[in-house]
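Residue numbers start at 1 and run along the sequence shown. These numbers come from a predicted model, not from an experiment.
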Amino acid sequence: MLVTRGYRALGAGEAAPVVSMFRPDARFRFAGSHSWAIDTTDHHQIESWFDRFAALKPRLVVLDVLVNGRPWNMSACVLFDDALRDQSGQVVYANHGVQYVRLRWGKIILDEVNLDTQKVASYDALMGLSESD
C-alpha cells in the first residue's frame with residue numbers, strides 16, 4: 001500500500017519517495033507552535049520539511065486507512081502512531097494522529113497532519129529546538 005511504503009521510507013530516513021508524491025502546487029499543513037509546524041504550497045519548503053523529518057527516522061505505524069472518491073478526486077484519512085527514539089533506543093517522543101490527504105490522479109494536492117501538538121512542543125523542549133528550527 002502506498003501509505004505504508006511512504007511511512008517506511010520516512011522511517012528509513014528517505015524523504016524522496018514521499019516528496020515525489022506531491023504535485024508542485026500541493027499544500028502541506030501541520031498546525032501548531034513547534035518546530036514541525038508548517039503551512040505552505042512551496043515545494044522546496046515541503047521537500048526541506050520531509051528531509052528534516054526523515055532524518056529523525058520516525059517509527060510510523062499505520063492503524064487504519066479510509067479512502068474515498070475516484071482517482072481524479074480522491075481523499076484518504078490515515079490513523080497512525082508515531083515515535084522517535086534517542087541514540088540509546090529509548091523512546092523520547094510518541095504520539096497518535098490523523099493524516100488527511102487529497103489526491104488528483106495519484107498525486108497529493110493537500111496533506112494535513114493532526115495530532116497532539118503539545119507532545120511535539122515537549123519533544124522540541126527536550127531537544128532544545130524552537131519553532132523556527
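In this structure the side chain of H34 never reaches within 4.5 angstrom of the side chain of L129, judged on heavy atoms. Between Y7 and T4 there is no side-chain heavy-atom pair separated by less than 4.5 Å. V120 places a side-chain heavy atom less than 4.5 Å from the side chain of Y93. M127 has its side chain out of reach of S35: every pair of non-hydrogen atoms, C-beta onward, lies at least 4.5 Å apart. Side-chain atoms of D111 and F50, non-hydrogen and from C-beta on, do get closer than 4.5 Å to each other. For the pair V3/V101, no side-chain contact is recorded, criterion being any heavy-atom separation below 4.5 Å from C-beta on.
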Extract all donor-acceptor atom pairs below 3.5 Å that involve side chains of residues 60-81 and protein atoms in other chains or at least two apart in sequence.
residue : atom : partner : partner atom : Å
N73     : OD1  : R102    : NH2          : 2.5
N73     : OD1  : R104    : NH1          : 3.0
D81     : OD1  : H96     : ND1          : 2.7

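When atom types are taken as modelled, the side chain of K107 and the backbone of S20 share a donor-acceptor pair closer than 3.5 angstrom. Here the side chain of S48 pairs no donor or acceptor atom with the backbone of H44 at under 3.5 angstrom.
Atom CG of L84 is separated from atom CG of L56 by 5.5 Å, given to the nearest 0.5 angstrom. Here CZ of R59 is found 10.0 Å from CG of D82. Values are rounded to the nearest 0.5 Å. In this structure, CG on D124 lies 14.5 Å from NZ on K119, to the nearest 0.5 angstrom. Here the CZ-CD1 distance, from F53 to I38, works out to 12.5 Å after rounding to the nearest 0.5 Å. Put simply, CG on L110 and CG on D25 are 11.0 Å apart, with the number rounded to the nearest 0.5 Å. Taking CZ of F28 as the reference point, atom CD of E47 lies at 13.0 Å (rounded to 0.5 Å).
Checked against the 6.0 Å centroid threshold, W49 and F22 do not count as a close aromatic pair.
Here the shortest heavy-atom pairing between A121 and S33 reads CB-O, 4.2 Å. Between G32 and T117 the shortest heavy-atom distance is CA-CG2, 4.2 Å. Taking every heavy atom of both residues into account, V18 and G6 meet most closely at CG2-O, 3.4 Å.
Clustering ILVMFWY residues whenever any of their side-chain heavy atoms sit less than 4.5 angstrom apart, transitively, puts M21 in the very cluster that holds V19.
For D39, the salt bridge (Lys or Arg N to Asp or Glu O under 4.0 Å) partners are R27, R29, not counting sequence neighbours.
Counted by atom type alone, D86 and S88 present one or more donor-acceptor pairs between their side chains at under 3.5 Å.
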